[in-house]
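Each remark here refers to the structure printed beneath this line.
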Amino acid sequence: AAAAPEFQPSFLVASGPEVNFFLVGVNSSAVKLGVETVAATDDLLQSTCVKTNGTGQWAMTSSVDELDVSTLNLQLTLDRPLVLCEKVLNETNCCWEPLCVLETLRVTACLNGKVLATLLVQVIIYVNSTFQGIINENNMPIPKQKYHALGPCPCNLTARACDVGCCCDKECTADMIQLFHSHCFAGVFGGQVSPPYDHLCSMQNLHTAPEWFPFLCVQSSLNNSPYLGLFFEGDTIDVSQDLSFGVAKSAAVNVPVGYHQGDPIVRGDDQLFIIPQTSLNGQCLTNAPVDYLQDFDARCVIPLTAEACADTIGVGEQIQNGLGTLIQPVVTYQTAADLGDFIPITASTSGSLFPKQQNAMASLGLVDKSEPKLLKGMCKNMILQADYVFYWNGTTISNIDLLLTVGNISLHPSAILTQRFSVTFMNPVKEHPSSITLSGNPGYLTGKPVLAALASDKTLIRVPLKIWRPVGNGLCSSAQTTALLFGEDSTSGCLLHLSINDFNNCAALGHTVYENLLNLVPADYIARRGNSNLTDLSEWVPLFKASLNDEYEFSVIEDEFNGYCAAIPAAMNIRFFTAVIGAVEAVPQRVILGAEVNFSTVHWKMSCGGGSTAACMNKSVLQPFSISAAVQFIQIPAQPEPVQSRFQINHREYECSGNDVCWPELCYPLTRYYTGETYSESIAQGLLLVFIALLIAVLGSPWSSIRKAWNDTTF
């Protein structure tokens, strides 16, 4: 036989506005459910069916369980707020006490007028302390720390009892106060029980008061006390707005009336002009505002997606010039000559050890305006680099030039793109706009690229100097490059994956490494200054490069496993000799006096030790070998140091710089340069030491022997 329907659980104690329970074993849809409130005098075990589906403040809902059709999911919901009446306005159905709901509910399940199951629910619900309604503004006092006492009756020390002598005690009835009304505590506390302070002038008649007391006593009232500042209360103010933890809306941007250094630049629609920038932790901020007179050069790595292809980064937006006039940037488009500067090149499948080199004399081609568009997985005219030049004068912007570098990029979900953004502020009065970027005026600025040029038909053509910037797997075939910056010593490198076949011709391997390292410095001349003129050869110094054929010889040592090449030029050393030739407005002007490139050789050998000879037997096994490029800036002093004599070189015992004991500084604590103690203390301690030394000398040997001899001869 089927089990009789029953409620689970069979008894409930509810402490919240929702009660969930189940009715299991229901085999008929004709079962009627009901709920009612049971009074304290009613019989809890009565067997009558409840016909109502809810009470005055409770509602019951039911649904068939998804996993078991013979089970009903039941829920009782309280339909009233759980908040104290004193904390809300215009609310009639509120709670007058913290214990808001205290009652018993009876739920029945009936079939054809017969009770099948009964459930009793004991409800004990307190007010909701997290109520989010309209708060009574009159009950939110914000003290203003002035005027009235927060402790109006400090002598009230006993709770729920009358303190004798405390006339402000609210627990004291009028009859009680009549008993000690003439003995109420006086003073600022509502009961000053301590005697008056001795420093008051009103206490000068005391016998213990000194004779000078009338001249130094304090003239003050007995009601005055240093404790007055501990008890304050202020007027209440109304809360004019609701409290919220929502996201705050950004305030409206103020249209500037003249820009100042550091002010954000505003667009024509009164919004901030934003360009992607790099934060301190290296993360790219897409909504970073551009500040007035703040240059920057940022790189942002993004995935190659359709959204990135359609992003125009705000090209063509009008800018506020600072006086209410809108400026339209002048946009110039050019195609990228080398996509390797923007997309990491993966390892070549053809076996090439180095990435394909671009022609150093190839120029960027200008193109007409074209919007980025996606065609068959290829993003046409995708923005790769944006270079802004703001021309300013005082507190206004006079003109804006924008150079956009675009290219055709194949989209791939796993590929990444390095976009570049730069902003340069230029004053046309003091700085002459030029298509050639300078690195100083006239001397080099630290951190700016070193200017280089390549000789071609009696003219010079600017070419960049670069060093390795390994990314991804660190292989030379996928490594990117970065500009060589003035005044910054650096060492960078990458890895070559070589097999046993690469060691068959050591000369070819050495030449390959040599030529690809020289591709980083394809120049013939280096600019002396940061603004050297390409038409004046005297402003450039030659770049001396070590010749491979003259200095390096390659050899193959035949051994048991082969795979050995000697004197591989795997380390390139770039040295710049600099000097300070003067100063302009107290800024030292640095120039380059000379430059050279040489190589350090290493021996490469396949590792086949430890019983593992696979690398020397199998040409498909690859091993990594590193190459490097080091940059060093050597500053030559303007005047050479004076030549030391043989005596100065050999006799250095009296020099403090080369010895632990410095005799010339024996009396250093007695000089003005000593700051460990005051000068007077140093003199006193020095005289004390002199006195002790003299005392020891007089009382000790040899004076004791002289005094003894004197006494023997005299007496």
- Quick check: are there more than 12 heavy atoms from other residues, nucleotides or ligands sitting under 6.0 Å from CG of Asp79? no
- Atom OH of Tyr126: over 12 foreign heavy atoms under 6.0 Å: no
Looking at [Y], is its backbone amide N or carbonyl O close enough to the side chain of [X] to form a donor-acceptor pair, meaning the two atoms are under 3.5 Å apart?
| X | Y | value |
| --- | --- | --- |
| Tyr444 | Ala527 | yes |
| Gln277 | Pro289 | yes |
| Lys545 | Leu518 | no |
| Ser439 | Pro449 | yes |
| Ser492 | Trp468 | yes |

Listed by chain and number, what are the salt bridge (Lys or Arg N to Asp or Glu O under 4.0 Å) partners of [X], not counting sequence neighbours?
| X | result |
| --- | --- |
| Asp536 | none |
| Glu488 | none |
| Glu515 | none |

Let me confirm one number: the [atom1]-[atom2] distance from [X] to [Y], rounded to the nearest 0.5 Å.
| X | Y | atom1 | atom2 | result |
| --- | --- | --- | --- | --- |
| Ile275 | Asn287 | CD1 | CG | 12.0 Å |
| Leu534 | Trp540 | CG | CH2 | 5.0 Å |
| Asn516 | Met572 | CG | CE | 10.5 Å |

Flag side-chain contact, heavy atom, 4.5 Å: [X] against [Y]:
| X | Y | answer |
| --- | --- | --- |
| Thr481 | Arg469 | no |
| Gln320 | Phe273 | no |
| Ile313 | Val315 | yes |

- Note on the structure: Hits for side-chain contact (heavy atoms from CB on, under 4.5 Å) against Ser63, two or more places apart or cross-chain, chain-then-number order -> Asn73
- Message: So, using side-chain contact (heavy atoms from CB on, under 4.5 Å) as the criterion, who are the partners of Asn531 when residues are at least two apart?
- Response: Leu438, Asn441, Pro442, Arg529
- Query: In terms of ring plane angle, is the pair Phe633 and Phe576 parallel, tilted or perpendicular, where the classes change at 30° and 60°?
  - Reply: parallel
- Test applied, ring pair (Phe, Tyr, Trp, His ring centres under 6.0 Å); reference residue, Phe425; option that passes from Phe390, Tyr259, Tyr391: Phe390
- Item | ring-ring contact (aromatic ring centres under 6.0 Å, His included) between Phe421 and Tyr388, intermediate numbers included | CA-CA 8 Å; Phe421 305 93; Tyr388 285 85; 8.5 Å; no
Quiz: residues 625-632 side-chain donor-acceptor pairs under 3.5 angstrom, not counting sequence neighbours:
none

